[in-house]
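Every chain is numbered from 1 and lettered A, B, ... according to where its sequence line falls, protein lines coming before strand lines.
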Amino acid sequence: MAEALESKAAKPAPMDRLWADDADDRTSDDPALVVDVAGFEGPLDLLLHLARSQKVDLSRISIVALVEQYLEFVSRARALRLELAADYLVMAAWLAFLKSKLLIPKQPGEEGESGEELAAVLQFRLKRLEAMRDAAARLVNRNRLGRDVFARGAPEMVIIDKRNEYSASLYDLLSAYAGQRQRQAITNVQIAKRGVWSLKQAREILTRLIGQFNDWTSLDHFLIRYTTSPEQRSTVIASSFAASLEMVREGHVEIRQHEPFAPIYLRDRQHAARQTEGTS
Amino acid sequence: MSEGSNVVPFSVEDEDGETVKVNPAARLLLAEAARMAEAIVFASADPVSERQLAQRLPEGVDVPAAMAELQRLYERRGVNLVRVGDAWAFRTAGDLAFLMSRDTVQQKKLSRAALEVLSVIAYHQPVTRAEIEDIRGVETSKGTLDTLMETEWVRMRGRRKSPGRPVTYGTTDKFLDHFGLEEIRDLPGIEELKGAGLLSSRMPPGFSVPVPPSDPDLLAEDEDPLTDIDLEELGLLTPKATDD
Amino acid sequence: MSEGSNVVPFSVEDEDGETVKVNPAARLLLAEAARMAEAIVFASADPVSERQLAQRLPEGVDVPAAMAELQRLYERRGVNLVRVGDAWAFRTAGDLAFLMSRDTVQQKKLSRAALEVLSVIAYHQPVTRAEIEDIRGVETSKGTLDTLMETEWVRMRGRRKSPGRPVTYGTTDKFLDHFGLEEIRDLPGIEELKGAGLLSSRMPPGFSVPVPPSDPDLLAEDEDPLTDIDLEELGLLTPKATDD
């Protein structure tokens with residue numbers, strides 16, 4: 001609701017107009033304006049407007065008269081079935097309370113602020129709001145950049161050369177070098193220790209390799225490319241021999257060895273078959 | 001172009017028309033520094049801070065003195081050197097506004113509510129949203145504050161050290177620049193308002209009057225700086241920097 | 001703001017320092033016109049032609065005379081009034097152009113990865129990217145090498161005479177300077193690294209630290225020099241710095 005009020009109020013009042021003038025535009029004897037809640041920025045604004053219509057200094061204003069005007073405004077709005085924002089009604093209730101306090105002298109032993117004190121608070125708030133109104137008006141009427149006063153129309157580019165400067169100490173450099181070399185050396189050793197060929201690995205490699213050879217080829221020859229170190233040699237041979245026997249059983253390869261401890265030869269059975277077909 | 005010629009031709013006279021007598025070498029250095037500062041500030045559309053000037057001028061230059069001299073030289077020219085917070089800018093002279101109307105850039109007009117909130121923030125900073133509402137007697141819509149933040153005249157300053165840690169608002173150097181103010185103390189009528197006790201956020205009369213800080217960037221005693229977490233919480237990535 | 005004050009304070013003197021004698025009323029009008037033209041040209045985004053000025057200045061103003069006076073006033077200032085075709089504009093004085101560019105130096109620490117690559121290049125030079133990766137056991141990002149080139153501690157030396165002709169990297173004199181080394185051979189060897197506790201005393205057998213070449217500027221036997229064509233091919237007319 002308050003938002004709606006604000007945006008409505010914004011429409012008729014262009015920024016550069018002084019709303020110091022607004023008070024003159026909306027005189028309270030214009031009944032149409034009295035109930036035009038949309039024209040006001042909330043209950044305090046309405047109160048300020050009503051106070052102005054008393055045409056006296058805010059410090060000498062009759063609070064009781066002001067309260068009565070406000071309450072009358074609210075009752076008129078209600079008579080017209082105009083829906084008032086909650087804060088207008090809250091203000092009305094508070095003002096009614098204030099009025100009762102002002103009319104009935106303070107009882108001895110009564111707690112809380114006196115009517116006069118409450119009235120002073122209201123007066124202060126009205127004065128402060130009015131001061132802000134005037135200040136805003138004076139502010140907008142100053143010479144303003146882009147309207148009255150101008151900046152350089154063709155600013156000259158400032159070229160910024162961004163440069164990074166790096167620093168590192170020799171110690172940083174050396175510890176970075178030694179650290180990574182050491183790390184890497186240790187990792188390598190671990191890989192070597194774990195270098196055991198599984199049967200599955202051996203079979204995969206054998207399958208891939210066997211297609212590359214047309215004739216009987218020694219197993220050693222197949223594997224020489226993979227046996228990088230003496231420690232690995234036994235595991236490679238063992239695993240691949242076991243794998244090759246399996247492949248023979250399945251009919252993929254043929255295997256032969258002339259005598260014990262002689263080189264083991266392997267050949268691709270399908271390949272060999274195709275070759276015999278081709279020659280015959 | 002006057003390349004190679006570094007002599008400043010203005011005859012410098014004091015109020016009585018007498019030539020000021022100072023150490024000629026220092027005088028020449030200052031004049032040359034003023035000339036450099038002139039070039040730097042003139043080249044920029046935005047105000048240039050004294051810190052930035054000091055970085056770009058030769059070492060040992062008395063920047064405030066150089067700027068004071070320049071300001072005096074341009075005092076009655078068609079272009080004036082004006083101070084904006086701790087920065088300097090050249091701006092066309094105010095009395096020539098009638099001549100410049102043609103250059104006016106169409107600016108988004110602020111609503112009456114927005115202007116009122118702006119002045120409340122300017123005169124009462126640092127101020128929380130609740131305090132703005134107390135002064136105006138009406139709720140401030142989110143849109144109004146957003147609009148003001150968009151103009152870059154208003155910024156979130158910090159958080160009040162009070163329950164709920166509400167965000168405090170204040171104005172920016174852009175605000176000063178736009179309204180031709182050297183500093184917040186130059187706000188029209190601020191002294192009278194202060195004297196009348198109308199800038200205190202709370203009643204009662206005869207109350208103490210808080211003085212708006214002369215350096216609006218300085219956090220008040222009861223303010224905490226905004227943290228990144230705050231900003232995230234508030235849905236703001238970065239509050240726009242006013243000085244780069 | 002000098003509102004209401006329209007007097008021009010510059011004392012206008014001719015070449016010999018004598019005050020020019022003209023009709024004082026005409027003189028004042030001209031001075032005021034110069035002031036207006038000053039504001040107009042200052043605020044304009046483009047150079048302003050004399051025709052445009054004549055349209056905006058009060059009738060009867062001798063525009064060329066006003067501009068000539070203004071030009072003279074600014075002749076030796078930090079900003080000059082210059083003619084651009086038949087139009088006028090303010091420009092920074094030629095001798096102060098250096099003020100318009102500015103170096104910003106940002107101190108940065110090298111990342112761990114960059115330090116590692118740098119040290120490998122230092123010890124193993126001339127070394128290719130693939131070899132660096134082999135030694136480190138991890139891929140080297142393009143950004144890391146770029147950063148190192150930006151430090152100017154590392155340079156491309158040549159191309160290895162091997163398939164693919166990979167680029168070889170080495171260190172520069174700046175590298176020696178920065179790390180306080182007289183020559184690249186001053187880099188500590190394996191025993192010194194062990195002595196300093198940087199390397200474990202129980203390294204696996206076969207572990208070695210290479211000794212860099214005595215003259216790092218000399219191409220190795222298996223290196224070709226880099227040609228301009230190589231550089232172009234590598235997209236390196238200038239190794240551009242990238243922020244990371």
Side-chain angles (χ1 to χ4, degrees), chain A residues 1-7 9-17 19 22 40-48 85 87 91 113 117 120-121 123-158, chain B residues 39-40 42-46 79-80 82 89-98 100-101 103-105 107 109-116 118-120 122-124 134-144 177-181 187-190 192-193 196-200 203-205:
Chain A
M1 189 67 194
E3 252 173 65
L5 288 178
E6 257 184 23
S7 55
K11 222 184 318 154
M15 175 171 70
D16 297 334
R17 286 277 312 274
W19 53 80
D22 289 359
F40 295 101
E41 283 285 334
L44 203 60
D45 184 32
L46 171 59
L47 266 174
L48 182 59
D87 42 354
M91 180 64 92
E113 286 146 317
E117 281 165 339
V121 171
Q123 220 161 30
F124 171 78
R125 293 190 68 195
L126 289 174
K127 275 169 123 175
R128 191 174 60 179
L129 179 61
E130 187 174 48
M132 281 303 105
R133 288 280 154 80
D134 295 345
R138 286 168 78 177
L139 199 60
V140 282
N141 283 300
R142 289 183 65 82
N143 274 336
R144 287 168 54 187
L145 188 65
R147 190 187 70 176
D148 311 294
V149 158
F150 292 84
R152 176 94 186 261
E156 288 174 59
M157 285 302 177
V158 172
Chain B
I40 293 168
F42 214 96
S44 170
D46 293 319
V79 170
N80 304 138
V82 299
F90 278 106
R91 298 290 180 248
T92 59
D95 66 303
L96 296 179
F98 71 96
M100 313 302 295
S101 54
D103 293 327
T104 303
V105 273
Q107 287 172 348
K109 297 232 168 188
L110 284 186
S111 69
R112 177 182 146 187
L115 264 172
E116 205 172 285
L118 175 65
S119 62
V120 170
Y123 285 78
H124 290 263
D134 184 56
I135 292 165
R136 297 186 58 235
V138 68
E139 250 182 60
T140 307
S141 77
K142 176 98 173 59
T144 304
D177 195 17
H178 185 88
F179 292 101
L181 300 162
L187 280 169
I190 196 165
E192 296 94 287
L193 292 176
L198 289 170
L199 294 189
S200 89
M203 251 294 274

Answer key: most heavy-atom pairs under 4.5 Å with chain B among A/Pro43, A/Ala131, A/Ala135 is A/Ala135
With only heavy atoms counted, which part of B/Ala45 is less than 4.5 Å from chain A, the side chain, the backbone, both or neither?
-> both
In terms of heavy-atom proximity below 4.5 Å to chain A, should B/Ile40 be classed as side chain, backbone, both, or neither?
-> neither
Taking NZ, NE, NH1 and NH2 as the nitrogens, is one of them in A/Asp45 or B/Arg136 under 4.0 Å from a carboxylate oxygen of the other?
-> no
State the [atom1]-[atom2] distance between [X] and [Y], to the nearest 0.5 angstrom.
| X | Y | atom1 | atom2 | value |
| --- | --- | --- | --- | --- |
| A/Arg147 | B/His178 | CZ | NE2 | 7.0 Å |
| B/Leu193 | A/Met132 | CG | CE | 5.0 Å |
| B/Asp95 | A/Asp148 | CG | CG | 11.5 Å |

Looking only at non-hydrogen atoms, find the nearest pair between [X] and [Y] and report the distance.
| X | Y | answer |
| --- | --- | --- |
| B/Ile135 | A/Leu129 | O-CD1, 3.7 Å |
| B/Asp134 | A/Leu44 | O-CD2, 4.4 Å |
| B/Ser44 | A/Arg152 | O-CB, 4.2 Å |
| B/Leu198 | A/Lys127 | CD2-CB, 3.8 Å |
| B/Gly94 | A/Asn143 | CA-ND2, 3.2 Å |
| A/Ala151 | B/Arg91 | CB-NH1, 3.0 Å |

Sequence neighbours left out, what passes side chain to side chain donor-acceptor pair (under 3.5 Å) with A/Gln123? Give chain and number order.
-> none
So which of B/Ala97, B/Ala89, B/Pro188 has the biggest tally of heavy-atom pairs under 4.5 Å with chain A?
-> B/Pro188
Exam field: side chain A/Arg142 to backbone B/Phe179, donor-acceptor pair closer than 3.5 Å = yes
